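For reference, the structure is listed below as structure tokens.
These figures come from a predicted structure and were not determined experimentally.
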Amino acid sequence: MAAAAAEVRVFVEVRRRLRSALLILGEPKAGGMPMDISVMPSSLQVKTPEGCTETRLPAEVRLAPSTCRGLRYVAGDGLHLRLQAQAGLCTVDVPVSTRKLLRVLPLPSENWGALVGE
């Protein structure tokens with residue numbers, strides 16, 4: 001019987017007008033284990049010694065894996081990657097009452113003007 005793969009939190013923020021995406025892979029609870037990460041246009045695959053986990057992106061989101069830049073590790077948050085992305089219009093409305101705050105961002109950086117439209 002195979003062991004269950006380590007759970008890795010995934011956060012994707014797509015900025016349509018900038019045609020970019022921020023992809024954050026949270027630290028696994030086991031901490032410090034080696035991971036092999038594969039980014040594909042419509043999914044993300046994380047392999048650990050314990051197993052493999054594949055996360056599918058929403059159908060309207062497409063990533064360009066070869067455009068990865070800004071790779072950095074943030075202690076307590078995880079691995080941050082920036083990629084080019086294409087996102088179609090989402091046709092599903094999510095009621096405000098069902099939304100849950102998952103992440104709090106710092107105050108705007110020097111590029112806040114470009115993000116206002118998003």
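- Here Q84 pairs with A64, T67, R69 under the side-chain contact (heavy atoms from CB on, under 4.5 Å) rule; sequence neighbours left out.
- In this structure, R15 and R17 have side chains that are not in contact, with every pair of non-hydrogen atoms separated by 4.5 Å or more.
- Under the 4.5 Å side-chain heavy-atom criterion for Ile, Leu, Val, Met, Phe, Trp and Tyr, V10 and L83 are members of the same hydrophobic cluster.
- Put simply, M40 and V61 are part of two different groups of oily side chains (I, L, V, M, F, W, Y) that touch within less than 4.5 Å, one to the next.
- Taken from OG in S38 to CD in E54, the straight-line distance is 9.5 Å, to the nearest 0.5 Å.
- Of all heavy-atom pairs spanning K47 and C52, the tightest one is CG-SG, 3.8 Å.
- Contact check for L63 versus L57: side-chain heavy atoms found under the 4.5 Å cut-off.
- Here the CG-CG distance, from L25 to L81, works out to 6.0 Å after rounding to the nearest 0.5 Å.
- V12 is listed as a side-chain neighbour of V14, based on a closest heavy-atom distance under 4.5 Å.
- A distance of 9.0 Å separates CD of Q86 from CZ of R62, quoted to the nearest 0.5 Å.
- Interatomic distance, CZ of R82 versus CZ of R72, reported as 7.5 Å (0.5 Å rounding).
- With sequence neighbours excluded, the residues that form a side-chain contact (heavy atoms from CB on, under 4.5 Å) with I24 are F11, L22, D77, H80, R103.
- Expressed to the nearest 0.5 Å, how far CG of L44 lies from CD1 of I37 amounts to 7.0 Å.
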